[in-house]
Protein chains: 2
Amino acid sequence: MNKIIPNLGSERPTDRLVHLLVGTAHGLEKRYEEALAPVGLTGPKFGALSKLVQAGSSLSLGELAERLTCVRSNITQLVDRLEADGLVERSEDPADRRTVRAGITELGLEKQIAGAKMIANLLEEVASSLKGLDLDAFERVLNALGAFNVLACYKDA
Amino acid sequence: MNKIIPNLGSERPTDRLVHLLVGTAHGLEKRYEEALAPVGLTGPKFGALSKLVQAGSSLSLGELAERLTCVRSNITQLVDRLEADGLVERSEDPADRRTVRAGITELGLEKQIAGAKMIANLLEEVASSLKGLDLDAFERVLNALGAFNVLACYKDA
DNA sequence: CCAGCATTATTCATATATGAACAAAATCAT
DNA sequence: ATGATTTTGTTCATATATGAATAATGCTGG
């Protein structure tokens with residue numbers, strides 16, 4: 001969970017801000033993982049289950065990779081682990097014998113729902129800690145960084 | 001480089017902001033990695049070299065782990081790879097036979113300097129894309145999230 | 001039709017991260 | 001002084017990520 005851009009004492013004001021931004025994001029992700037841990041889920045596992053719930057049906061591994069913005073080989077492994085946990089099941093696609101579909105199980109659905117509750121609580125906390133702040137200005141800065149950045153792929157990941 | 005908090009159509013305004021924040025941070029980290037790639041460095045490798053340069057002397061692996069905010073076993077592996085690249089050398093600590101010190105090599109120093117230049121350019125770009133925005137408001141929001149968050153460990157990572 | 005091309009998932013090698021278990025060495029408390 | 005504890009780095013098992021190579025299948029242009 002590291003890979004934080006190191007602060008090398010440069011001390012231009014934006015350098016500090018970038019560092020703060022990335023650190024804050026990592027902190028949020030850590031909270032996110034911690035919120036899911038009691039349910040027995042990790043971030044990536046919850047993400048995959050959520051995409052399946054959201055889709056309302058099974059998805060091919062390729063579709064799952066797209067929606068989770070990652071490469072296929074990653075999904076092969078993630079679905080291996082989810083299947084070992086009994087949260088997801090692979091099935092054949094009758095229309096295309098190359099395709100493997102992943103469908104959520106009963107247990108997977110339960111876990112997703114439990115995880116979603118934890119995340120809702122977390123986001124509630126975040127929302128209340130942000131009350132009264134100028135969130136529009138905040139978003140303008142993020143958008144400025146987003147325009148400049150490689151973020152198309154994150155638009156609705 | 002994924003593990004982005006998935007957007008599960010909740011659509012409270014702060015949910016969207018959290019998602020945007022984390023996505024932007026990942027985008028910056030991606031740019032950071034891409035800036036270092038031509039030099040032949042990755043983020044973690046550059047981070048370790050930078051801490052050694054900053055320290056001005058060799059550091060024990062434990063000190064390095066602390067400054068990079070990660071566990072010791074991670075540093076063992078990272079220093080293995082840096083040593084294989086010829087960027088760092090392990091040495092014994094005369095004062096404590098348990099301790100292993102990591103010192104930067106000539107080549108390591110060159111690479112760190114080259115990497116630092118690339119990062120300086122990147123931050124320059126960021127700074128110019130942020131011109132005219134209300135960075136104080138931005139920082140206030142980040143601080144609100146930081147206070148609420150597990151971020152002590154990132155204060156000056 | 002079928003030869004070549006594209007797509008799909010898997011496997012493999014690798015990088016990064018964590019945490020538990022371990023061995024060696026240092027320190028501390030009695 | 002010495003037995004217990006702590007500290008240090010390594011090793012191992014595991015999770016997550018990437019990208020290259022591969023095999024199976026599907027598709028397409030002639």
Side-chain angles (χ1 to χ4, degrees), chain A residues 1-6 26 29-30 32-34 36-37 40-49 58-66 68-85 87-102 150 153-154 157, chain B residues 1-6 26 29-30 32-34 36-37 40-48 58-66 68-85 87-88 90-102 150 153-154 157:
Chain A
M1 226 264 308
N2 198 24
K3 192 167 57 178
I4 284 188
I5 300 175
H26 281 240
E29 290 183 304
K30 191 172 176 186
Y32 171 73
E33 292 272 346
E34 287 169 353
L36 292 171
L41 290 176
T42 61
K45 286 179 178 179
F46 176 67
L49 295 180
S58 68
L59 291 172
S60 78
L61 300 201
E63 287 167 333
L64 210 44
E66 249 183 82
L68 293 169
T69 334
C70 65
V71 301
R72 280 131 177 272
S73 57
N74 198 355
I75 296 301
T76 294
Q77 299 176 93
L78 182 55
V79 169
D80 284 349
R81 291 188 295 269
L82 285 167
E83 219 174 13
D85 292 346
L87 308 182
V88 142
E89 274 171 350
R90 277 183 170 88
S91 61
E92 296 178 2
D93 187 323
D96 186 338
R97 282 196 293 156
R98 292 169 304 179
T99 298
V100 175
R101 308 192 66 82
V150 198
C153 53
Y154 296 119
Chain B
M1 224 265 307
N2 197 25
K3 192 168 58 177
I4 283 187
I5 299 176
H26 281 240
E29 289 183 305
K30 192 172 175 186
Y32 170 73
E33 293 272 346
E34 286 168 355
L36 293 172
L41 289 177
T42 61
K45 285 178 177 177
F46 176 67
S58 67
L59 291 173
S60 77
L61 300 200
E63 287 166 334
L64 209 43
E66 251 183 82
L68 293 169
T69 334
C70 64
V71 300
R72 281 131 179 273
S73 56
N74 198 356
I75 296 300
T76 295
Q77 300 176 91
L78 182 56
V79 169
D80 284 349
R81 290 188 296 268
L82 285 167
E83 219 173 14
D85 293 344
L87 308 181
V88 142
R90 278 185 170 86
S91 62
E92 296 179 2
D93 188 323
D96 184 338
R97 283 196 292 156
R98 292 169 304 179
T99 296
V100 175
R101 308 191 66 83
V150 200
C153 52
Y154 296 119

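Reminder, nothing fancy here: chain letters follow the sequence lines and each chain counts from 1. From a predicted model like this one, the values you see are computed outputs, not experimental measurements.
To the nearest 0.5 Å, atom CD of residue B/Glu92 and atom CZ of residue B/Arg98 are 14.5 Å apart.
Here B/Arg101 lies out of heavy-atom contact (under 4.0 Å) with every strand. At a threshold of 4.0 angstrom between heavy atoms, the contacts of B/Val100 are confined to the sugar-phosphate backbone, with no base atom among them. Heavy atoms of A/Ser73 sit under 4.0 angstrom from at least one base atom.
Of the candidate nucleotides C/dT10, D/dA15, C/dA17, C/dA17 has the atom lying nearest to any side-chain atom of B/Gln77. Checking D/dT16, D/dG9, C/dT18 against every side-chain atom of A/Arg81, the shortest atom distance belongs to D/dT16.
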Legend entry - Test log, rule side-chain contact (heavy atoms from CB on, under 4.5 Å), inputs A/Leu41 and A/Leu87: CA-CA 10 Å; A/Leu41 290 176; A/Leu87 308 182; 3.8 Å; yes
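The NE2 atom of B/His26 sits 15 Å away from the C1' atom of D/dT18 (whole-angstrom rounding). One can place CD of A/Glu34 at 13 Å from C1' of C/dT18, the figure rounded to the nearest angstrom. One can place CD1 of A/Ile75 at 11 Å from C1' of D/dT16, the figure rounded to the nearest angstrom. In this structure, the CG atom of A/Leu64 is 11 Å from the P atom of C/dT10, given to the nearest Å. Nucleotide D/dT10 holds its P atom 7 Å from the CG atom of B/Asp80, rounded to whole Å. Between the CD atom of A/Glu33 and the P atom of C/dA17 there is a distance of 14 Å, rounded to whole Å. Straight-line distance from the CG atom of B/Leu82 to the P atom of C/dT14: 17 Å, rounded to whole Å. For the pair A/Glu66 CD and C/dT7 C1', the interatomic distance rounds to 13 Å; values are reported in whole Å.
In this structure, the side chain to side chain contact (heavy atoms under 4.5 Å, CB included) partners of A/Gln77, at least two apart in sequence or on a different chain, are A/Asn74, A/Arg81.
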Between N or O atoms, less than 3.5 Å apart, protein on one side and nucleotides 25-28 of chain D on the other: list the pairs.
residue: D/dG26; atom: OP1; partner: A/Arg97; partner atom: N; Å: 2.8

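Residues B/Arg90 and A/Val71 each lie close to DNA chain D; by heavy-atom proximity, the contact nearer the 5' end of the strand is made by B/Arg90.
Checked against B/Leu61 for a side chain to side chain contact (heavy atoms under 4.5 Å, CB included), the options B/Thr99, B/Ile75, B/Leu78 give a single hit: B/Ile75.
Listed pair A/Thr42 / D/dT16 meets the phosphate criterion, a side-chain N or O lying under 4.0 Å from OP1 or OP2. Under 4.0 angstrom from either OP1 or OP2 of D/dT16 there lies no side-chain N or O belonging to A/Asn74.
In terms of polar N and O atoms assigned as donor or acceptor, the side chain of B/Thr76 never comes within less than 3.5 Å of the base of D/dG9 in a complementary pairing.
Salt-bridge formation is detected for the pair B/Asp80/B/Arg90: a Lys NZ or Arg NE/NH1/NH2 atom is positioned less than 4.0 Å from an Asp or Glu carboxylate oxygen.
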